[in-house]
Structures are given as C-alpha cells and as structure tokens.
Asker: 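Structure below; questions to follow.
By convention in this document, chain letters (A, B, ...) are assigned in the order of the sequence lines, proteins followed by strands, and residues within each chain are numbered from 1. Keep in mind that the numbers below use all heavy atoms, side chains included, and drop hydrogens, waters and symmetry copies. The model shown is predicted, which means the values in this text are computed figures rather than measured ones.
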Amino acid sequence: MLRETPQAIDAALLLDWYDRHHRDLPWRVSPPMALRGAIANPYHVWLSEVMLQQTTVQAVKAYFEKFLALWPTVEDLAAAATEDVMKAWAGLGYYARARNLKKCAETVAREHGGRFPDSEEGLKALPGIGDYTAAAIAAIAFNRRSAVLDGNVERVISRLYAIETPLPAAKPEMRALVYSLTPADRPGDFAQAMMDLGATICTPKRPACALCPFRGNCRALAVADPETFPRKAARKEKPLRLGAAFVAIDGSEAVYLRKRPESGLLGGMTEVPGTDWTSRRDGDTSIAAQPFAAHWEPCGSVSHVFTHFELRLSVYRAIVDGARPGMHGWWEPIATLAEQALPSVMKKAIAQAIPQAFKSG
DNA sequence: AAGGCGTGGAG
DNA sequence: TCTCCAAGCCT
C-alpha cells in the first residue's frame, strides 16, 4: 500500500537507544543506576537545567561542579551572599539567571522547607523557571509525565512530523506532539533521551540519520531533507555599537572597578568605567569621555558579540595614584581580578590594557 | 508578543 | 572571517 506517513512513533525505540547510547553527565542519574532505584537529586537537576538554558553542556560542566562544591544544598545557596553567586557565575552569561537562581533558592528554602515543588505548576511559579525547565524538573526529578520541549526536541519533532509551520509559532503544536509521545513509566528518561538524540544524532547540520532509532518513522527523512527543519524566520542582523573603556591602574598594582546597575545588560556585574555603548556614530568614544582626569593612553580596541548587538570598545589605560574625587568603585589588586564578577567583555578590555592581568603566576 | 539578555565552540 | 547556535526566561 502507498504510505504517505511513516510508522507510528514508539517511545520504546528511543528508550532502548538511550539505554545503550546515553551520555554520562555530572548531574544525571544514568539508566543502570536508575534501574537500581537511584533518584535524581532535585537540587542538582534544577541547578543543571538553569545553567543549561541556552548554554552548551561543555560550558556548564565546570560551573556545575564549582557550584556544588561551594553550595552542596539549596539551603547553602539560599544562605550565600548574592555577590559570591555572581562571582561564581561570571563567564557563563545571561546573568539574570544567576540573580533568579539565588531568589529561587531563597524561596525554596524559606517557603518550601528546602524541598522543590514536585509539580510543573509549583515549579513554574519560581523565579527563573519557565515552561521548559518546569517540565524538565518535573519529569527528571519527580517522574511526572510532562511535555519537555527545548531546542533539541523542537528539532527532533519538527523532523519526525515534517512540520512546515515556522518557529516559534509551531511550539504549541510541537508541545502537544511531545506530550503524546511521552510514556507514563519513564518520562524523565524519555525527555533526556530526546535531548541526547537531538544533541548527538538529530543535529542541526548533517544529522546522522542512519544511526537514528526513529529512522523508520521520520517524515522529513522520508519525503524531504531533514536538515531543512525546523523552519524558522530569518534573523535580523546585529547592529554595531561603539564605546570606550578606561582601565586605571594605581601604584600598588590595583585596577579601578565599579558595579553595574542591578538590572539590564550585565546587570549586577562588575566593570571598569566607560561610556555608554551607542549605535550613533557621533557618540563620544574618545579620550574626552574619561571618567576622571588622568594621563590616558589609547591601547587598542576589543570587539565582543552580545545577543542583539556587536560592541567595539576603545580601551584606554592610565597609571594614577589612588583615589579621585567622586569615585564610587574600588581598587582591586590585579592578583585577585580573576575572582571578580567580571563578564567576559570586561576581562577582554582589561586584558587589552594589562596583558598579564589574567595570566596565572 | 516581540525583543532584551552572554558566551564560546563548531563548521 | 562569518554564521549559527546551546537543555529559555522575562517583560
């Protein structure tokens, strides 16, 4: 018979694949252990899921281990100084996640007796936990059947069903499809299996369809080019913004730092003084924008790409002798710069002015 | 609801 | 060099 659509999709195919090919990750209870009754620690699951939002597994591993070493339980994290959390998060990006992480830990410790809610609804009420993260924690840590839809799963589902609707409009349809596929007995493993499949087989470019447990069920593979899914709207280009950064060094080998506002770009993080970052070509990014009078010398520029714009910072350096009037920051010894809550763009600017700044030894 | 919000690695 | 993008959330 002529078959327009592939075979019905069977979660057991994926779970069998997962039992043999799952990735071993620091926050994961892998299938052999799980079969012996080991249960994922909700604190570990939550911490890893927040870190993994729009962030690669490779980048997260070291941060996850560092956080667990510093704060072994959610109560420890709730009791930590926010500044220490920001320092530990520095370099991972999307810093609102760190602020929400701290708030969420405080809420769980104070209002939930140190235990995470075990329902999607309860989880989603917490700061920094949205549709995806609530569903993931519910499934992985509490064995709840839920619709876990992240970027990987969107890609897998869009190919399995050759969904022509572009993202993000297709998300409700995709969410319903994932939910319908999710088995009641191993929802957490199913979710992680879908994500592992998306990360290792059903990849954005050159998917390894020959190795896929769903190769007999995939509509995109049958009738089209899987790589062209999911459909999505063309992105717009990033504007260029210009600015200046001023690296002041005092006689005792310390750098002048200050804190950024709590909200907005790099909110609550540490910076060197600088101008606003403007798209206008007439914005003053010259030495005239100096934060205080000193013998500023230009020492090149650094570029940095943010989510929605590219930044080119002119960097200036001056050797000064300590305090200036009207300064609200502090002098940080070069030796301890690496431990500060400095976002990557600021490390670049400081390294441009002081090449040995972040070199150990 | 569309845009703000980081970073570094892969190809 | 350039493009894409990785386990999204919030407003």
Asker: Just the rounded figure in Å: distance from C1' of C:dC10 to OH of A:Y132.
Answerer: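 In whole Å, C:dC10 C1' lies 18 Å from A:Y132 OH.
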Asker: Starting from P on C:dC2, measure out to CG on A:L240 and report it in whole angstrom.
Answerer: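 It is 12 Å, rounded to the nearest whole Å.
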Asker: Give A:L101 one of three labels, base, sugar-phosphate or nothing, depending on what nucleic acid heavy atoms sit under 4.0 Å from its own.
Answerer: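 No contact.
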Asker: Please give, in whole Å, the distance from C:dG8 C1' to A:L126 CG?
Answerer: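 The distance from CG of A:L126 to C1' of C:dG8 comes to 16 Å, rounded to the nearest Å.
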Asker: Between B:dA1 and C:dC10, how far apart are the C1' atoms? Round to whole Å, please.
Answerer: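 To the nearest whole Å, 12 Å.
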Asker: Check this for me, if you would: do A:E106 and A:K102 make a salt bridge, where the nitrogen-to-carboxylate-oxygen distance has to be below 4.0 angstrom?
Answerer: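 Yes, A:E106 and A:K102 are salt-bridged.
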Asker: With a non-hydrogen cut-off below 4.0 angstrom, is A:R23 in contact with a base, only sugar-phosphate, or nothing?
Answerer: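 It contacts base atoms.
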Asker: What's A:V148 touching, base or sugar-phosphate or nothing? Going by heavy atoms closer than 4.0 Å.
Answerer: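 No contact at all - A:V148 keeps every heavy atom at 4.0 Å or more from the nucleic acid.
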Asker: Measure the distance from NZ on A:K205 to P on C:dA6 and round it to the nearest whole Å.
Answerer: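 Going from A:K205 (NZ) to C:dA6 (P), I get 10 Å.
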Asker: Is the shortest side-chain N to carboxylate O distance from A:R206 to A:E227 below 4.0 Å?
Answerer: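 Salt bridge absent between A:R206 and A:E227.
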Asker: Among residues two or more places apart or on two chains, list those pairs meeting side chain to side chain donor-acceptor pair (under 3.5 Å) that have a residue in residues 182-193 of chain A.
Answerer: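 Residue pairs with at least one partner in residues 182-193 of chain A: A:D19-A:R186, A:R28-A:Q192, A:R186-A:D189.
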Asker: Name the nucleic acid region contacted by A:T55, choosing base, sugar-phosphate or nothing; use a 4.0 angstrom heavy-atom cut-off, strictly under.
Answerer: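 Counting heavy atoms under 4.0 Å across all strands, the contact made by A:T55 includes a base.
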Asker: Is it true that A:E49 and A:Y132 share a donor-acceptor pair across their side chains at a distance under 3.5 Å?
Answerer: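 Side chains of A:Y132 and A:E49: pair found under 3.5 Å.
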Asker: Return the value, rounded to whole Å, for the distance between atom NE2 of A:H308 and atom C1' of C:dT11.
Answerer: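 The answer, rounded to whole Å, is 14 Å.
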Asker: Could you check whether A:G91 gets within reach of a base, just the sugar-phosphate, or nothing at all, counting any heavy atom under 4.0 Å?
Answerer: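 Sugar-phosphate, backbone atoms only, no base.
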Asker: Salt bridge check, A:R260 against A:E271: does any charged N sit closer than 4.0 Å to a carboxylate O?
Answerer: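 Between A:R260 and A:E271 there is a salt bridge, with a charged N closer than 4.0 Å to a carboxylate O.
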Asker: Anything under 4.0 Å to a heavy atom of chain A counts; send over the first and last such nucleotide of DNA chain B, read 5' to 3'.
Answerer: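 Nucleotide range in contact with chain A: B:dG3 to B:dG8.
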Asker: Does C:dT3 have OP1 or OP2 sitting under 4.0 Å from an N or O in the side chain of A:R235?
Answerer: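 Result: no.
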Asker: Taking the six-membered ring where the residue is Trp, are the ring centres of A:H308 and A:F306 under 6.0 Å apart?
Answerer: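 No, ring centres 6.0 Å or more apart.
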Asker: Do the charged groups of A:K87 and A:E339 touch, with an N to O distance under 4.0 Å?
Answerer: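 Between A:E339 and A:K87 there is no salt bridge, as every charged N stays at least 4.0 Å from the carboxylate O atoms.
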Asker: In whole Å, what is the span from the CD atom of A:E49 to the C1' atom of C:dG8?
Answerer: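 These atoms are roughly 11 Å apart.
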Asker: Take A:N100 and A:L25, find for each the nucleotide of DNA chain C with the closest heavy atom, and name the residue whose nucleotide sits nearer the 5' end.
Answerer: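 Residue closer to the 5' terminus by nearest nucleotide: A:L25.
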Asker: Are the side chains of A:L211 and A:H21 in touch, meaning some heavy atoms are under 4.5 Å apart?
Answerer: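 No, side chains not in contact.
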Asker: Within the structure shown, what part of the strands sits under 4.0 Å from A:T133 by heavy-atom distance: base, sugar-phosphate, or nothing?
Answerer: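 Counting heavy atoms under 4.0 Å across all strands, the contact made by A:T133 is with sugar-phosphate only.
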Asker: Classify the nucleic acid contact of A:K236 as base, sugar-phosphate or nothing, counting any heavy atom under 4.0 Å across all strands shown.
Answerer: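 The answer is sugar-phosphate, as A:K236 gets under 4.0 Å only of primed atoms, P, OP1 or OP2.
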Asker: Please report, rounded to the nearest Å, how far the P atom of C:dC10 is from the CZ atom of A:R97.
Answerer: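 Taking CZ of A:R97 and P of C:dC10, I get 12 Å after rounding.
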Asker: Which is true for A:I129 with a 4.0 Å heavy-atom rule: it touches a base, it touches only sugar-phosphate, or it touches nothing?
Answerer: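 The residue A:I129 makes sugar-phosphate contact but no base contact.
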Asker: Quick one: label A:W27 by what it contacts on the DNA or RNA (base, sugar-phosphate, nothing), any heavy atom closer than 4.0 Å.
Answerer: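 Since a base atom lies under 4.0 Å of A:W27, the category is base.
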Asker: Looking at A:Q53, I'd like to know whether one of its side-chain N or O atoms comes within less than 4.0 Å of OP1 or OP2 on C:dG8.
Answerer: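 So the side-chain polar atoms of A:Q53 never come under 4.0 Å of the phosphate oxygens OP1 or OP2 of C:dG8.
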Asker: Contact class for A:V60 vs. all strands (heavy atom < 4.0 Å): base, sugar-phosphate, or nothing?
Answerer: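 A:V60: no heavy atom of the nucleic acid under 4.0 Å.
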Asker: How far does the P atom of B:dG8 sit from the matching atom of C:dC9, given to the nearest Å?
Answerer: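 Looking at atom P only, B:dG8 and C:dC9 are 22 Å apart.
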Asker: Just how far, in rounded Å, is P of C:dG8 from NZ of A:K232?
Answerer: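 The answer, rounded to whole Å, is 11 Å.
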